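Report on the structure given below.
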Amino acid sequence: MGEKKAKIAVLVSGGGTNLQAILDAQKSGIIKSGEVNLVVSNNSKAYALERAANAGVDTLVVLKKEYGSQEAFEDAIIKALDDRGIDLIILAGFMSILSKHFTDHYPKRIINVHPALIPSFCGEGFYGLKVHEAALAKGVKVSGATVHFVNEIPDGGEIIAQKAVYVEDGDTPETLQRRIMEQAEWIILPQAAEKICAQIIGGE
Ligand code: GAR
């Protein structure tokens with residue numbers, strides 16, 4: 001493999017533990033075919049922005065309220081990504097649904113991590129702790145995480161990777177969220193990112 005690396009942008013909204021997993025995987029060599037070039041947040045207070053700055057990665061805050069429409073908000077992100085020649089967009093706890101306008105611009109070039117085994121507990125309204133609250137309310141004994149391509153259907157794109165995690169007696173949404181992050185998300189998201197980056201630089 002040559003020196004060429006896919007340029008990655010990570011879109012975030014909050015704590016950024018999945019961003020951290022990607023940055024750590026880059027450092028340790030698990031991600032070797034790509035490099036995080038930009039972190040975009042739709043929340044100026046996201047701790048993920050500090051994680052990016054600590055790693056020396058450029059950041060950009062794009063606030064929906066500063067744009068007149070969803071399309072104008074998405075165009076601002078598209079411009080920033082295209083100006084840098086971004087190859088792969090990773091949604092890592094990005095809590096804003098992107099419309100067909102955005103997703104059509106990057107076919108098979110956007111991936112997302114979802115904290116459940118799709119098709120369970122997914123789609124509009126299922127994000128963050130709400131996903132784990134719904135899983136516990138249903139009484140499932142196994143949940144997990146999914147990495148998938150992003151298209152215009154929320155959580156509807158092709159599945160790339162999944163990992164199951166046991167629900168334990170006495171779990172709260174918070175304890176289940178943490179276990180799914182540790183045992184699934186932080187592992188399969190970097191692995192999937194490396195797989196797709198390798199395909200991109202390989203010309204697929
Ligand atoms: C993660 O559990 C991620 O899977 C989830 O939000 C959390 C973000 O945490 N994403 C969604 O629910 C998207 N539908 P992080 O900011 O620490 O990575």
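The structure displayed is predicted, hence computed values, not measured ones.
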Same cluster for M181 and Y127 if Ile/Leu/Val/Met/Phe/Trp/Tyr side chains link at under 4.5 Å? no

What one should report as the nearest heavy-atom pair of Q162 and I159 is CG-CG2, 3.8 Å

Could you go through the side chain to side chain contact (heavy atoms under 4.5 Å, CB included) check for N112 and H114 one step at a time? CA-CA 6 Å; N112 177 50; H114 183 74; 4.2 Å; yes

Any non-hydrogen side-chain atom of I180 less than 4.5 Å from a side-chain atom of S143? yes

I'd like to know if L23 and V12 are part of one continuous hydrophobic network [Ile/Leu/Val/Met/Phe/Trp/Tyr, side-chain heavy atoms within less than 4.5 Å]. yes

Co-membership, hydrophobic cluster, residues F149 and V10, 4.5 Å side-chain: yes

Determine the minimum heavy-atom distance between L19 and A48, stating which atoms define it. CD2-O, 3.4 Å

Answer yes if the side chains of N43 and S13 hold a donor-acceptor pair under 3.5 Å, and no otherwise. no

Could you tabulate the donor-acceptor pairs under 3.5 Å formed by side-chain atoms of residues 84-97, not counting sequence neighbours?
{"from": "R84", "atom 1": "NH1", "to": "N37", "atom 2": "O", "distance (Å)": "3.2"}
{"from": "R84", "atom 1": "NH1", "to": "N37", "atom 2": "OD1", "distance (Å)": "2.9"}
{"from": "R84", "atom 1": "NH1", "to": "D58", "atom 2": "OD2", "distance (Å)": "3.3"}
{"from": "R84", "atom 1": "NH2", "to": "D58", "atom 2": "OD2", "distance (Å)": "2.8"}
{"from": "D87", "atom 1": "OD2", "to": "K7", "atom 2": "N", "distance (Å)": "2.7"}
{"from": "S96", "atom 1": "OG", "to": "K64", "atom 2": "NZ", "distance (Å)": "3.4"}

Salt bridge or not for D75 and K79, using N-O below 4.0 Å? no

So which residues get pulled into I30's cluster when ILVMFWY side chains under 4.5 Å apart are joined, directly or through others? none

Donor + acceptor pair across side chains of N54, E50 (<3.5 Å): no

Using 0.5 Å steps for rounding, measure from the CD1 atom of I196 to the CD1 atom of I110. 12.5 Å

Note, N151 side chain near Y106 side chain (heavy atom, < 4.5 Å): no

For E204, give me all partners under side chain to side chain contact (heavy atoms under 4.5 Å, CB included), at least two apart in sequence or on another chain. Q199

Heavy-atom pair with the smallest gap, counting every atom of S44 and L49: O-CD1, 3.5 Å

How long is the gap from CG on D83 to CD1 on I78, to the nearest 0.5 Å? 11.5 Å

Between OH of Y67 and CD1 of I77, what distance do you get to the nearest 0.5 Å? 8.5 Å

Return a table of donor-acceptor pairs under 3.5 angstrom between the side chains of residues 130-137 and protein atoms on other chains or two or more places apart.
none

Residue pair V36 / L38, side-chain heavy-atom distance below 4.5 Å: no

Could you grab the distance from atom CD of E74 to atom OG of S69, nearest 0.5 Å is fine? 8.5 Å

G157 and H148: which non-hydrogen atoms are nearest, and at how many Å? O-CB, 3.7 Å

Name all residues meeting the side chain to side chain contact (heavy atoms under 4.5 Å, CB included) criterion together with A21; count only those two or more places apart in sequence or in a different chain, and write none if there are none. W186, P190

Hey, are the side chains of S99 and E152 touching, using non-hydrogen atoms and a 4.5 Å cut-off? no

Is the shortest distance from a Lys or Arg side-chain nitrogen in K163 or E185 to a carboxylate oxygen in the other one below 4.0 Å? no

Return the minimal non-hydrogen interatomic distance between L81 and A9, and the atom names on each side. CD2-CB, 3.5 Å

Intermediate values then yes/no, side chain to side chain contact (heavy atoms under 4.5 Å, CB included), V140 and S120: CA-CA 10 Å; V140 294; S120 291; over 6 Å; no

Is K138 close to F121 at the side-chain level, that is, under 4.5 Å between some pair of heavy atoms? yes

Is any side-chain heavy atom of V113 closer than 4.5 Å to a side-chain heavy atom of T146? no

Decide yes or no on side chain to side chain contact (heavy atoms under 4.5 Å, CB included) for L117 and V142, but give the supporting numbers first. CA-CA 9 Å; L117 295 173; V142 178; 4.2 Å; yes

Sub-3.5 Å donor-acceptor pair from the side chain of R51 to the main-chain atoms of G16, do we have one? yes

Heavy-atom check, side chain of F73 versus side chain of V62, under 4.5 Å: yes

Would you please name every residue forming a salt bridge (charged side-chain N to carboxylate O under 4.0 Å, His left out) with E124, sequence neighbours left out? none

Nearest 0.5 angstrom please: I160 CD1 to I188 CD1, how far? 9.5 Å

Without swapping roles, check the side chain of T172 against the backbone of T175 for a donor-acceptor pair under 3.5 Å. yes

Under 4.5 Å between any side-chain heavy atoms of Q26 and E35, yes or no? yes

Is it possible for you to say whether V40 and V57 belong to one hydrophobic cluster, with membership spreading through side-chain heavy-atom contacts below 4.5 Å? no

Nearest non-hydrogen partners of A52 and V39, listed with the distance: CB-CG2, 3.7 Å

Apply the test side chain to side chain contact (heavy atoms under 4.5 Å, CB included) to residues R109 and I200: give CA-CA distance (whole Å), side-chain angles for both, the deciding distance (0.1 Å), then the verdict. CA-CA 9 Å; R109 289 292 181 268; I200 290 171; 3.6 Å; yes

Salt bridge (Lys or Arg N to Asp or Glu O under 4.0 Å) between R178 and E174, worked out: CA-CA 6 Å; R178 183 76 190 180; E174 289 79 8; over 6 Å; no

